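All remarks here apply to the structure that follows.
Please read all numbers here as calculations on a predicted model, not as lab measurements.
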Amino acid sequence: VCSITIILVSTQSTGQAPPGDQKTQQLKCMRDLGDSLSESQITFVTNYSDTLHDREVRFKNENNVVWVVIMGRGLDMYKKIPSWFCLGATDYSFRKCHEVTITLTRGGSL
């Protein structure tokens, strides 16, 4: 079992993100996630790009092996639930998914 030491998330630039409260909330969520991960000695970096369309997450473990996960839809692959009082409200394994392609590769850099 390898421990993750660095997580790099690449997504569209905040300049292309929804205006107002949604952009502010996205930045706050990324900061909160980074703060939480740092408690487990995991470095979390968010990289905003003006040219990137697909979203990707890069993981680096203690052996300096980098894994790249490319998600065409980003994290928006789950369909909305009809109510917060149904299966899938808190357990995503019960949610239906949109059609999505996820590519996992080994290698690259952070």
Side-chain angles (χ1 to χ4, degrees):
V1 175
C2 294
S3 298
I4 295 172
T5 58
I6 299 176
I7 300 174
L8 171 68
V9 174
S10 296
T11 188
Q12 290 180 333
S13 170
T14 54
Q16 297 173 357
D21 291 339
Q22 290 178 341
K23 184 186 341 182
T24 302
Q25 182 165 349
Q26 178 190 26
L27 293 170
K28 181 186 181 314
C29 289
M30 293 294 123
R31 187 173 49 250
D32 290 350
L33 181 56
D35 291 346
S36 176
L37 289 167
S38 70
E39 293 174 8
S40 296
Q41 287 70 51
I42 297 174
T43 302
F44 180 77
V45 179
T46 307
N47 180 29
Y48 295 99
S49 169
D50 291 328
T51 57
L52 182 68
H53 174 72
D54 285 346
R55 286 76 171 166
E56 69 177 31
V57 180
R58 291 177 180 248
F59 300 93
K60 180 177 176 184
N61 65 23
E62 74 242 359
N63 299 322
N64 291 322
V65 175
V66 176
W67 290 93
V68 182
V69 181
I70 301 170
M71 302 159 291
R73 291 189 67 92
L75 298 176
D76 185 29
M77 62 185 168
Y78 295 102
K79 293 184 177 183
K80 290 185 180 180
I81 53 173
S83 162
W84 285 105
F85 299 99
C86 66
L87 287 175
T90 58
D91 186 342
Y92 281 73
S93 67
F94 289 105
R95 287 202 187 184
K96 294 181 180 179
C97 292
H98 294 284
E99 184 173 349
V100 63
T101 300
I102 298 174
T103 305
L104 175 66
T105 61
R106 180 180 175 178
S109 61
L110 288 179

- Grab the two heavy atoms, one from Ala89 and one from Ser83, that are nearest each other, plus how far apart they are. CB-O, 4.5 Å
- Message: Before you tell me yes or no, could you show the steps for His98 and Lys79 under side chain to side chain contact (heavy atoms under 4.5 Å, CB included), namely the whole-Å CA-CA distance, both residues' side-chain angles and the distance that decides it to 0.1 Å?
- Response: CA-CA 6 Å; His98 294 284; Lys79 293 184 177 183; 3.7 Å; yes
- Message: Please check: side-chain N/O of Ser40 versus main-chain N/O of Ile42, any donor-acceptor pairing under 3.5 Å?
- Response: no
- Query: If you look at every heavy atom in Gly88 and Ile81, which pair is closest and at what distance?
  - Reply: O-CG2, 4.0 Å
- Message: Pair Asp35, Arg31 - check side chain to side chain contact (heavy atoms under 4.5 Å, CB included), show working.
- Response: CA-CA 6 Å; Asp35 291 346; Arg31 187 173 49 250; 4.2 Å; yes
- Message: Let me check something: do Leu87 and Tyr78 share a hydrophobic cluster, defined by ILVMFWY side-chain heavy atoms less than 4.5 Å apart, either directly or through other members?
- Response: no
- Message: Whether the side chain of Asp91 engages the backbone of Ser93 through a donor-acceptor N/O pair (distance < 3.5 Å, no angle test) should be reported.
- Response: yes
- Query: Roughly how far, to the nearest 0.5 Å, is CD1 of Ile70 from OG1 of Thr105?
  - Reply: 5.5 Å
- Message: Is there a continuous path of hydrophobic side-chain contacts, each under 4.5 Å between heavy atoms, that joins Phe94 to Trp84?
- Response: no
